[in-house]
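From a predicted model like this one, the values you see are computed outputs, not experimental measurements. Both counts, for ligands and for their atoms, begin at 1 and track the order of listing. All residue numbers in this chain count up from 1 along the given sequence.
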Amino acid sequence: MKFGGTSVEDEAAIRRLIGIVQSRGDVQPVVVVSALAGVTDQLLEAGRAASSGRLGAALASVRDIYVRHERLADSLVGDSAYGTLDRELRADFRALESLLLQLEAAGKVDLKCQDILLGFGEVFSSKLVKEALCEAGVKAAHVDARSCIVTDAKHGQASPVWDLTNERVQAALDPLLQSGCVPVLGGFIASTETGVATTLGRGGSDFTAAIIGAALQASRVEIWTDVDGVMTTDPKLCSDARVIRKMSFDEAAELAHFGAKVLHPATLAPAMREDIPVYVLNSRNPEGSGTEILAHSDSAPRVRAITAKRNVAAVEVELPRGMDSELLSSVFAAFDQHSCPVDVMATSQHRVSLLVASPAALPSIAAELKEVAEVKWENHKALVCLVGENIRRQSEVASRVFGAVSDMEVRVMCQGASDRTISFLVEESKVEESVQRLHRLFFPKVEPARDWGGIQSAYCQAG
Ligand code: ADP
Ligand code: ASP
Ligand code: MG
């Protein structure tokens, strides 16, 4: 059971979490928690402040984080356990403050230090939630995720070393589960085989839950968040979005890959491998049925959801001496070395067109390739994507999409890389409008039936 930032953000949220864990009856849950809502961003900003000579602001912000946790400990944890928790939190905060001093001296935050810095959020929240569960009578034990999730050293976006992780997760958690204990771990954080702190990328607590679920061959993985499930689009973009009751692993993975923040893109892979169903549920509405993600969903081919990935750059790589495979591989090697994953690619005789979601690295890539190619790019684009089993085979879907956005400057239309997606590039400023238009087209509101006795539901069911 993974609880995201808003599901642990304050006393009421943590009390709801306790109620949900207690309601699990005789199944044996493992609890994974994110940092309290906003804390990871605050830590990131504190690191930036410290390294740019604003140490006072950095320390003040960290102090606020400390006070927030202390207040929660005060209201959720009884006197005897409070003393121990308080000592631990104080020691962790002193370590955090000395890290900020080091960052001030260094004048920069490299990704390795950033992983240590950001990881504090999950360390604090997991210790707090463990004590709150114990206080409520749940037999819980804190487990440091960095001692059992082993990754490579790709700081900022590390990938698990599966065999070691599975071994260590089983060794740490099986005995606790056998003794009827609920293990509580911070999501997102991990370490290399030699114990250097890493993280799984922003939003990575979902992935932690799936990694642990797969290692323990769990019967289900539950992602508890602040919406009623995976929806037909981001409800923040379109208020008509509705819950998808069932979807396939592949559909959910495409949706996450193309920017639906509700799931970290890597989450589905371990669950798929072990065939473990994933449920996305609302911690503010625990009675809701949420979304069930399974190997096969029973639906007919149709558009299932619409998503958008912002901050995309459209890159053109001109190859004056024409395309050859050696040149092409050096182009890709440069993108890879600068941790700049390529989302979409098209080639012609002298040009490679790419879409990338990490434009920050582009100046360095252009400098590196300048002897062999000219690299130009345009920022502030967004990739809008429609997802659904087999939609590519329904030729009318693409033509309806074209029709709906024909007056917008649609730059690249991609259909064919997967049977499940159709995507196109627009200006970032047009995201909301294009998603809303497409949502109206593919998920029309059903007008309320005239019912003299009362108001009826205005929506048809999605999924
Ligand atoms: P958590 O802190 O629980 O991990 P996130 O903020 O990472 O929560 O993810 C939940 C958010 O994802 C929702 O509040 C919603 O705005 C956003 N979201 C984006 N696309 C979708 C979608 N298709 N369905 C549901 N939520 C979505
Ligand atoms: N706290 C981390 C983040 O904000 C990880 C997570 O919430 O999943 O990215
Ligand atoms: Mg998240």
Under a 4.0 angstrom heavy-atom cut-off, which atoms of ligand 1 come close to [X]?
X: K2; answer: 1 (P), 3 (O), 4 (O)
X: V227; answer: 13 (C), 14 (O), 25 (C), 26 (N)
X: V230; answer: 24 (N)

Subject >> Side-chain (D228) to main-chain (N282) donor-acceptor, under 3.5 angstrom >> reply: no
Just to be sure I read this right, does ligand 1 sit under 4.0 Å from the backbone of [X], its side chain, both, or neither, counting only heavy atoms?
X: H264; value: neither
X: V262; value: both
X: V280; value: neither

Original post:
Going by atom types alone, do S61 and E45 pair a side-chain donor with an acceptor below 3.5 Å?
Top reply: no
Original post:
Any chance the side chains of T198 and D115 put a donor and an acceptor closer than 3.5 Å?
Top reply: no
Subject >> Minimum-distance protein heavy atom relative to atom 1 (P) of ligand 1 >> reply: T225 OG1, 3.6 Å
Original post:
So which heavy atom in the protein is nearest atom 11 (C) of ligand 1, and how far is it from that ligand atom?
Top reply: D226 OD1, 4.0 Å
Original post:
Do any nitrogen or oxygen atoms of K261 come within less than 3.5 Å of a nitrogen or oxygen of ligand 1?
Top reply: yes
Original post:
Purely on distance, is any nitrogen or oxygen of K2 under 3.5 Å from one on ligand 2?
Top reply: no
Original post:
Mind checking whether F188 has an N or O less than 3.5 Å away from an N or O of ligand 2?
Top reply: no
May I ask whether [X] places a heavy atom under 4.0 Å from ligand 2?
X: G4; value: no
X: G203; value: yes
X: E122; value: yes

**OP:** State yes or no: are the ring centers of F93 and F124 separated by less than 6.0 Å?
**Re:** yes
Subject >> Short N-O contact, K381 and E428, less than 4.0 angstrom >> reply: no
Original post:
Does the pair R146/D144 count as a salt bridge with the N-to-O cut at 4.0 Å?
Top reply: yes
**OP:** Taking only heavy atoms of R202 into account, list the atoms of ligand 2 that are under 4.0 Å away from them.
**Re:** 3 (C), 4 (O), 9 (O)
Original post:
Can you list the atoms of ligand 2 that are under 4.0 Å from a heavy atom of S34?
Top reply: 6 (C), 7 (O), 8 (O)
Original post:
Under 4.0 angstrom from ligand 1, any heavy atom of T307?
Top reply: no
Original post:
Between the candidates G229, G5, A260, which shows the shortest non-hydrogen contact distance to atom 25 (C) of ligand 1?
Top reply: G229
Subject >> Flag side-chain contact, heavy atom, 4.5 Å: T208 against H264 >> reply: no
